[in-house]
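Only this structure's heavy atoms are used, side chains among them; waters, hydrogens and symmetry mates stay out. Below, chains carry the letters A, B, ... as their sequence lines are ordered, and counting in each starts from 1.
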Amino acid sequence: MVSSTTGFSSYFHFSQVDWASMWSATGETIWMTVFSLVLVAIIGILLGLLLFETTDSHSLWARLLHWLAAVFVNVFRSIPFIILIVLLLPITKNLVGTIIGPKAALPSLIISAAPFYARMVELAFHEIDHGVIEAAESMGATNTQIIFKVLLPESSPALVSGITVTGISLIGYTAMAGVIGAGGLGNLAYLDGFQASNNTITLVATIVILIIVFIFQTIGDLTVRRIDKRITR
Amino acid sequence: MIDIKGVSKVFKGKKQITAVEDVNLQINDGEIYGIVGYSGAGKSTLVRMFNGLETPTTGTVTINDTVMSDLHGKELREKRQKMGMIFQYFNLLWSRTVLQNVTFPLELTHVPKEERQAKAEKLIETVGLKGRENAYPSELSGGQQQRVAIARALANDPELLLSDEATSGLDPKTTDEVLELLLKINRELNITIVVITHEMHVIRKICDRMAVMDAGRVVEEGSVFDIFRHPQKEITRQFVSEEETPQLTDTNVVINELLKQVPTGKIVKLTFHGDQAKLPIISEMLRQFPEIDLNIVDGSIHQTQEGSIGTLYLQLLGNAQEIIDAQDYLHKMRVETEVIRGE
Ligand SMILES: Nc1ncnc2c1ncn2[C@@H]1O[C@H](COP(=O)(O)OP(=O)(O)OP(=O)(O)O)[C@@H](O)[C@H]1O
Ligand SMILES: [Mg+2]
């Protein structure tokens, strides 16, 4: 069967879609996103905490740390993702042993998204009323107690909505990573869709990505609404 | 006892600011001590040196024989646990319920869970919020939030309660309710309270002794009663005259004196507003409850903007049940009754 590769109708040749590879690509995209998101959350919170705790410190050590963290964050936040992947190829090869497949996308996904999230974490901590932290200090709280009992719970809605935004941009990054061989829906859309001139596959991959984004957003919004006790409903 | 000796605090920055300058104060155990001053006078800075949130540049703050600036790390934290502090904006944790806010300081000191809950529930009852344990701060009014903050400040059985403008964000009626609560805490738990404010009303209502601060210095100090009658400095006179109708009969000093003079019986304070003052409410009460012996201890009538306000201090003796019924009766007649001393 010969089908046209141009025109509006070219989007609707569903018989040409290999659903098995579509679903396995979907699985890869979700896996890359969730796996890197978990690590991004952990690294981002640690880095954000470091930035927050060392702000306006008097000790020279703290200032140096703050400066180093800030430079790291700003540099990696500024490098366009597609360039970062290429830049990190040798490191990726050393770390995961390959430069293709979903695993190979992880280092660059994490390194580009963690600084992005770290800034949001720092901002979320700064938004906590300083009086509340001071009240905890006046009750004799240790720094660790302040982190776990004040900073994290009080900023939790901002932390969760930050993770949602980061997760959604990670989905976009995985698609980009797919183009240079990391697997997932981006890879499928590029190889089986674009290069094979199969527009239907590109369309379906797009819709699946949109659905994943929508689900992420919904889960994020619902969680924020559940934990945010600042507004009475 | 709190002993402040030659305390100064200089903030070094682009511009050097002397927030507190050579302050000397002594605050006795069990008293309510007021510090009044305009914005920027250095009140907060001074009180923050009490619990080591700031360290004095020179001088010493000694609290119950401990010099605060000698304490560091764990020792300082343990000392702070023995001091409660309340603030203008309450500073509650919005992510926690009322109960969880009150258990917070107990979690910090690793009190077992059961004990924490029981203690917090008792304190919530003390501050009059029973039934609201599971509400979040955002569901409470300002006055209620401050009550939660007070309960939280009392959780570790402090020897000292610091109040930094705790009523400044509240309306006059709520302010009075919170002040009554502080007074009750002082009387029942015998906790020393240091109250910072820019409102003379607050001082008059609950403080025994007071200091006036201006530009970092204490310019006048003494008993509230004396300062109200004979203010020495111009700034003190300004503060005293801000109070439109200085009702000295309300001051804590006068009430304490009264309690000493009348050692027995239940003492209640009645407040009559406007038309109530014209009705024969008391004689009607005596007719209904003949087993009560009543003794007028003190009384006065003040003319205010909204009409006359009468205050009457009564000593009630005799049949306990009738005394309770009589209070209900007064309540029904919408006479404000406040038990100054129960029996
Ligand atoms: N951390 C700080 N760094 C620099 N200056 C400060 C600091 N804290 C307070 N000051 C300055 O010290 C002075 C006294 O401030 P303080 O907060 O003690 O006044 P206050 O009497 O409590 O006023 P208010 O009624 O407005 O609360 C002010 O001039 C203030 O700007
Ligand atoms: Mg202040």
With a 4.5 angstrom heavy-atom cut-off, could you sort out which part of [X] is near chain A: side chain, backbone, both or neither?
X	value
B/Leu92	backbone
B/Leu93	both
B/Glu107	both

- Heavy-atom nearest pair, A/Gln145 first then B/Leu108, reads NE2-O, 3.0 Å
Looking at [X], I want to see if its [atom1] is surrounded by more than 12 non-hydrogen atoms of other residues, nucleotides or ligands under 6.0 Å.
X	atom1	result
A/Phe148	CZ	no
B/Lys122	NZ	no
A/Lys103	NZ	no
A/Phe214	CZ	no
A/Phe35	CZ	no
B/Tyr89	OH	no
B/Lys82	NZ	yes

- Which of A/Pro153, A/Pro157, A/Ser138, A/Gly131 touches chain B most, by non-hydrogen pairs under 4.5 Å: A/Ser138
- Item | Portion of A/Ile227 that has a non-hydrogen atom of chain B nearer than 4.5 angstrom | backbone
- Measure the shortest side-chain to side-chain distance between B/Ser95 and A/Lys229 over non-hydrogen atoms and say whether it is less than 4.5 angstrom. no
- Minimum side-chain heavy-atom gap B/Arg77-A/Met139 below 4.5 Å: no
- Query: Any idea which of B/Phe104, B/Trp94, B/Phe90 has the most non-hydrogen atom pairs under 4.5 angstrom with chain A?
  - Reply: B/Trp94
- Query: Counting N and O atoms only, with roles assigned by atom type, does the side chain of B/Asn91 sit under 3.5 Å from a partner on the main chain of A/Ala135, one being a donor and the other an acceptor?
  - Reply: no
- Message: Quick test of your reading of the model: are B/Arg48 and A/Glu134 salt-bridged, counting only N-O distances below 4.0 Å?
- Response: yes
